[in-house]
2 protein chains.
Amino acid sequence: MNRDTRTTLLDIAEYNARSRGFDGFSYADLAVAVGIRKASIHYHFPTKADLSDHLIVRYHTSLKERLAEIENDHLSADERLMALIRLYREALNGGQTVCLCVAFSICRERISEKVVIRVGAVRAMLLKWIKSNFELGLKDRSISLITAPEEEACATLAMLEGAHLAARTAQDTAPFDAAIQMLLGRCRQSARKE
Amino acid sequence: MNRDTRTTLLDIAEYNARSRGFDGFSYADLAVAVGIRKASIHYHFPTKADLSDHLIVRYHTSLKERLAEIENDHLSADERLMALIRLYREALNGGQTVCLCVAFSICRERISEKVVIRVGAVRAMLLKWIKSNFELGLKDRSISLITAPEEEACATLAMLEGAHLAARTAQDTAPFDAAIQMLLGRCRQSARKE
DNA sequence: GTCTATAGAGAGATAGAC
DNA sequence: GTCTATCTCTCTATAGAC
């Protein structure tokens, strides 16, 4: 184990949570994957509730950074939207994992209220970003058929998260690709490539 | 307990699975809710795998019937789509439960392959129905901006399932309503009401 | 069809040695 | 930081009486 144990634990816990749900893995699973005993994990994360909190906090930060990178790398609204779609597509890991918010939505009653609020905060951040991007799309006219940015943002996030579900069941990105096709078709750059 | 115990068990198990995930409830939970001992549940459903199979089979049948009812009650594509949206909205139970397919997508690795295939079959049925309805929408012009019915169907189902997730986290229908607003706005009947 | 009783596995968590 | 050992609880499931 070359890397920091704590980080490795978070990585593996996140993968497990996104792959099997927060109830779908145990400290024993992590212990085997990381190569230490499960009692040692409690040193890093005393309780599973504690672990879940660190997972969603890190996820929020990471996602925020990725969104900032997208804004840095792309100037037009359509390119930014396409980059966001790619981000979600990559998060699928070929149909093996869903977004952490998706996974945490199902076990809502078994995670702490604090974590539930943080999941809401991640979605709020995403909605704000997507809404701003649709507003930009209205200006630069790079995305077609925009009427209400706020509503578009809600629909888009729901669709991205929902597209993860069918793809996860199928263990294949195909259902995801099929679902995002309509949205992609509204992007100017995407249309040019076809 | 006036009703058939087996049916009551299925009802409560379905509610639990949709509310907390398939890993989120136990035979002990069902026993308390139904008012019999957990050993007695094994008489009706020998294993939890068996229970999950009956849940998804019943869900498929029930959904098929509801779709047929919608076709019976409504003739235009927009009214049928609005009825489907209402169906999903009601399935939310005010933000307490998601679609069973959604719940079963997260615990994919812990349910049998047979059940995974059945979940796929439910989605395939829904996609077929929604696609047909968009094709009807092209003819009767009751839904605006339709280009590709197949792609529209995939996007619509993903959005409906995804809209369940945010609403479940919030324990409120508001995020669902916000997400379906765009789709609703394309329905002729809906537009008339505004 | 429902019960009591129990098996056997695995969960999250802690104490204390090194 | 990681270990062994252990606790307590809960899980799914079964045996056998009624």
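Owing to the predicted nature of the structure, the values given are computational and were not obtained by experimental measurement. All chains are named by letter (A, B, ...) in the order of the sequence lines, taking the proteins before the strands, and each is independently numbered beginning at 1.
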Using 0.5 Å steps for rounding, measure from the CE atom of B:M82 to the CD atom of B:Q189.
6.5 Å

Show your working on salt bridge (Lys or Arg N to Asp or Glu O under 4.0 Å) between B:R58 and B:D11 and close with a plain yes or no.
CA-CA 10 Å; B:R58 190 178 75 146; B:D11 288 345; 2.8 Å; yes

Any side-chain N or O of A:S26 under 4.0 Å from OP1/OP2 of C:dG10?
no

Given atom CG of A:N16 and atom C1' of C:dA11, what is their separation to the nearest angstrom?
15 Å

Can you tell me if A:H44 touches the phosphate of D:dT2, counting only side-chain N or O atoms and a distance under 4.0 Å to OP1 or OP2?
yes

Regarding B:R123 and A:T169, is there a side-chain donor-to-acceptor distance under 3.5 Å anywhere?
yes

On DNA chain C, more 5' by nearest nucleotide between A:A39 and A:D29 is A:D29

Nearest whole Å is fine: how far is D:dT6 P from A:R37 CZ?
14 Å

Please work out if A:Y27 contacts a base, only the sugar-phosphate, or nothing of the nucleic acid, heavy-atom cut-off 4.0 Å.
sugar-phosphate

Send over the distance from A:D23 CG to C:dA11 C1', rounded to a whole Å.
11 Å

Rounded to the nearest angstrom, tell me the gap between atom CG in A:L9 and atom P in D:dG1.
12 Å

Between A:R20 and A:D29, does at least one N-O distance fall below 4.0 Å, as a salt bridge requires?
yes

C:dG1 OP1/OP2 closer than 4.0 Å to side-chain N/O of B:S40:
no

Atom-pair distance (CG on A:L51; P on C:dA13), nearest Å
10 Å

Dump the intermediate steps for side-chain hydrogen bond (donor to acceptor under 3.5 Å, both in side chains) on A:E109 and B:Q171, then the final yes or no.
CA-CA 10 Å; A:E109 303 301 315; B:Q171 281 188 315; 3.3 Å; yes

Mind calculating the distance between CD1 (B:I41) and C1' (D:dT12) to the nearest angstrom?
11 Å

For A:T5 and D:dT2, is the shortest distance between a side-chain N/O and OP1 or OP2 below 4.0 Å?
yes

Whole angstrom value for the distance that separates P of D:dA13 from CG of B:D50
9 Å

What is the nucleic acid contact for B:F25, judged by heavy atoms within less than 4.0 Å: base, sugar-phosphate only, or nothing?
sugar-phosphate

Take atom NZ of B:K48 and atom C1' of D:dA13, then tell me their distance rounded to the nearest Å.
13 Å

Please determine whether a side-chain nitrogen or oxygen atom of A:Y43 lies at a distance below 4.0 Å from atom OP1 or OP2 of D:dG1.
yes

